[in-house]
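Read the structure below first, then the notes.
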Amino acid sequence: MTALMPAPETAPRPSPPRIPKGLSESTALPTAPARPLPGFHGAVSDFKRRLLEATLTQAGGNRTRAARALGLQRTYLLRLIREFEIRVPPAPMPARRADTGPPPGKVG
């Protein structure tokens, strides 16, 4: 006795992407990237790095304000900065008065 198996169905081939009018095929299709895509984890790491750098820049290098803006503990932000080797510009120092005496015109 011979068992007959149904012939495997072939999946329909996907049609090539439609090119909008006015574009040639060479300009419509993206070129292959020069380097391989980083994958999921690489993309997440790139996003984290850019987010940290942008937030630190916006906070003027103040890590405490950046951590607060991101909803992170300051110590965790410091760990991420070390992990991603992010160069943080130093926070600007508050302006100091040159003279700490009484203001001019006041007799003490």
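- Checked against side chain to side chain contact (heavy atoms under 4.5 Å, CB included), Ser45 has the following partners two or more places apart in sequence or in another chain: Phe84.
- The hydrophobic cluster containing Phe40 does not contain Phe47, counting ILVMFWY residues as joined when their side-chain heavy atoms lie under 4.5 angstrom apart, directly or transitively.
- The side chain to side chain contact (heavy atoms under 4.5 Å, CB included) test applied to Gln58 returns no partner, not counting sequence neighbours.
- A continuous path of Ile, Leu, Val, Met, Phe, Trp and Tyr side chains, each step under 4.5 Å between heavy atoms, connects Leu51 with Ile81, placing both in one hydrophobic cluster.
- Summarising the geometry, atom CZ belonging to Arg68 is positioned 8.0 Å from atom CG belonging to Asn62; distances are rounded to the nearest 0.5 Å.
- Between Leu77 and Thr55 the shortest side-chain heavy-atom distance does not fall below 4.5 Å.
- Listed here is the closest heavy atom pair of Ala67 and Arg74: CB-CA, 3.8 Å.
- The CD1 atom of Ile86 sits 11.5 Å away from atom CZ of Arg63, with the distance rounded to the nearest 0.5 Å.
- With sequence neighbours excluded, the residues that form a side chain to side chain contact (heavy atoms under 4.5 Å, CB included) with Arg79 are Tyr76, Arg82.
- Shown here for Ala59 and Ala66, the closest heavy-atom pair between the two residues is CB-N, 3.9 Å.
- Residues Glu85 and Arg49 come closest through the heavy atom pair O-NH1, 4.2 Å.
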